[in-house]
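These numbers come from the heavy atoms of this one structure, side chains and all, not from hydrogens, waters or symmetry mates. In this text the structure is predicted, and so the values were computed from the model without any measurement. Read the numbers this way: they start at 1 and go in the same order the structure lists the ligands and their atoms. Throughout, residue positions are numbered sequentially from 1 according to the sequence presented.
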Amino acid sequence: MAYYQHPLDVTTLSSWQHLDQHREAMRSFSMREAFQSDSRRFEDFSLSACGLFLDYSKNLISRETRDLLVSLAREAGLEQAIRALFKGECVNASEGRPALHTALRQPFGDRLEVNGVNLIPEVHRVLHQMTELVGRIHDGLWRGYTEKPITDVVNIGIGGSFLGPQLVSEALLPFAQRGVRCYYLANIDGSEFHELSAKLRAETTLFIVSSKSFSTLETLKNAQAARNWYLAQGGSESELHRHFIAVSSNTKAAVEFGIREENIFPMWDWVGGRYSLWSAIGLPIALTIGMSNFKELLSGAYTMDQHFLQAPFESNMPVLLALLGVWYGNFWGAQSHAILPYDHYLRNITKHLQQLDMESNGKSVRQDGSPVTTSTGPVIWGGVGCNGQHAYHQLLHQGTPLIPADFIVPVVSYNPVVDHHHWLYANCLSQSQALMLGKTREEAEAELRAKGLSEDKVQALAPHKVIPGNRPSNTLVLERIDPRRLGALVALYEHKVFVQSVIWGINAFDQWGVELGKELGKGVYQRLTGFDQPAAEDASTQGLIDYFRGRHRG
Ligand code: F6P
């Protein structure tokens, strides 16, 4: 397996230096003026791919900006990097492995050889295993300990073993099959378990312990709590196999927990947690929408993979989104990026993209261990519109930071209520319009005068009414949210994140930063619960431990 390596410090590339100069030239760029002077701007800065339409005309870019950004991608070795990703080269150098989530979407009959082994038959063997399980549960053939069919499925998992499946299963609820309800148990907070278990009956509940490593504290504690609850409700050890299955690459640990080997769905070390919803980690998705819809999801993602592989960078959706992010993050000082879905079913996409983007690109050293010389991944935040308009959009419109935003909206609603969907769509468009147009001082003054205010009042109020505008956004329109388009949408962001990691020369597929908190957590737990423990490393943590212990004693 060849080792993938990023060429150079990106800031030394000539295209980077051109972009630096170009940024200066763009200081006074006005989107308002660009639209006025260029009747083709919308056509030239929009594209369709895989059932998604992207309008990126409301950005602080000219054709020259796009050309320079594309040159940067080429100079940074993006073509080779994309090929390396899909071929299974070692793009995750610090963990010594490839990142082959794209293999999970490859059709039956394709070949992908890594170290002499064709991975595709194994991928499809597991899809077949999933099909059998889903069929048995949907047909009422998988029975609990009282011989009643399963009605509720609880996915116990956290991070990538939770956020992706939750996003997709809830986004595709209009495609739900009758029969089973899926719930998610992620946090170690006992209240989550308490509230959820109160809704369930052990005899008709199946738990999926979803953990690639089968060593994640939160998941193991919740699995243990679920098991105790199941036994307390009348289940027995001998019937445990009817109520607990697992998805994991650590078969040994899952068997030790008490799960039968034939009920353990494999995961592979070449799939990262936050890229794993396409694998058996997607079981709750398949149980919600059925296996044929799950396969549609995979094929939607596959079409995006093909687009990413084949489209020229100038019209390559993930590449363009990534380069726009680099433009704002590295040349305009933007530190965050808002994800604003205008659809109830997509309400969890921001959370999924937070993990996808921030766990992937929240890095400060490059693949070779040298420090980065630029800022890397932004803070991803946001939430569903219109709710956000009445909460945090104020900061987008008049706050001091520059925050690029992605609006995501479907044309068709599955639940038309009078004209609500027209209003929702109108709000989405008018937000990006307002961000771009803003309101000038002259416009603000004219508006106030038209209301009959005295000149003193006009002058006092006008500064508060000015909205700077010229704030960038992308709008992604889907005809509807269906398995294929959602698959393409999620894959679009996966590839966007990868492209940015290549530009910055970082590893998008490890996550060493989360380890330290896990390690220290053990010591803090011992100090909270044990005696004769050494003092914590710092006085603040020790003080907070003492506070907790003092209250618990009382
Ligand atoms: O701690 C972070 C993390 O490792 C994520 O990358 C991962 O998605 C999550 O924990 C859960 O891991 P696992 O599936 O191994 O339980």
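Within a 4.0 Å radius of atom 10 (O) of ligand 1, the protein contributes no non-hydrogen atoms.
Interface of I158 with ligand 1, defined as ligand atoms under 4.0 Å from a residue heavy atom, comprises 9 (C), 11 (C).
Considering only heavy atoms from C-beta on, W278 comes within 4.5 Å of L297 through its side chain.
Within a 6.0 Å radius of CZ in R201, no more than 12 heavy atoms belonging to other residues, nucleotides or ligands are found.
The option from V247, V514, T216 that lies nearest to atom 13 (P) of ligand 1, judged by heavy atoms, is T216. Among K212, E359, R274, the residue whose heavy atom lies closest to atom 5 (C) of ligand 1 is E359.
The structure places CG of L476 at 6.0 Å from CG of L492, a figure rounded to the nearest 0.5 Å.
The two atoms that bring S248 and S211 nearest to each other are OG-O, 2.8 Å, heavy atoms only.
Between Q355 and ligand 1 there is a heavy-atom distance shorter than 4.0 Å. Using a non-hydrogen distance threshold of 4.0 Å, K518 registers as a contact of ligand 1.
The backbone N or O of I289 lies less than 3.5 Å from a partner atom in the side chain of N293, making a donor-acceptor pair.
For a threshold of 3.5 Å applied to N or O pairs, the pair formed by S210 and ligand 1 contains no separation below that value. An N or O contact shorter than 3.5 Å links S213 to ligand 1 by distance.
Here the heavy atom of the protein found nearest to atom 8 (O) of ligand 1 is G160 N, 2.7 Å.
Relative to the ring axis of F207, R227 does not place its NZ or CZ within 45° and under 6.0 Å from the centre.
Side-chain contact of S336 with W381: a donor-acceptor pair under 3.5 Å is present, judged by distance alone.
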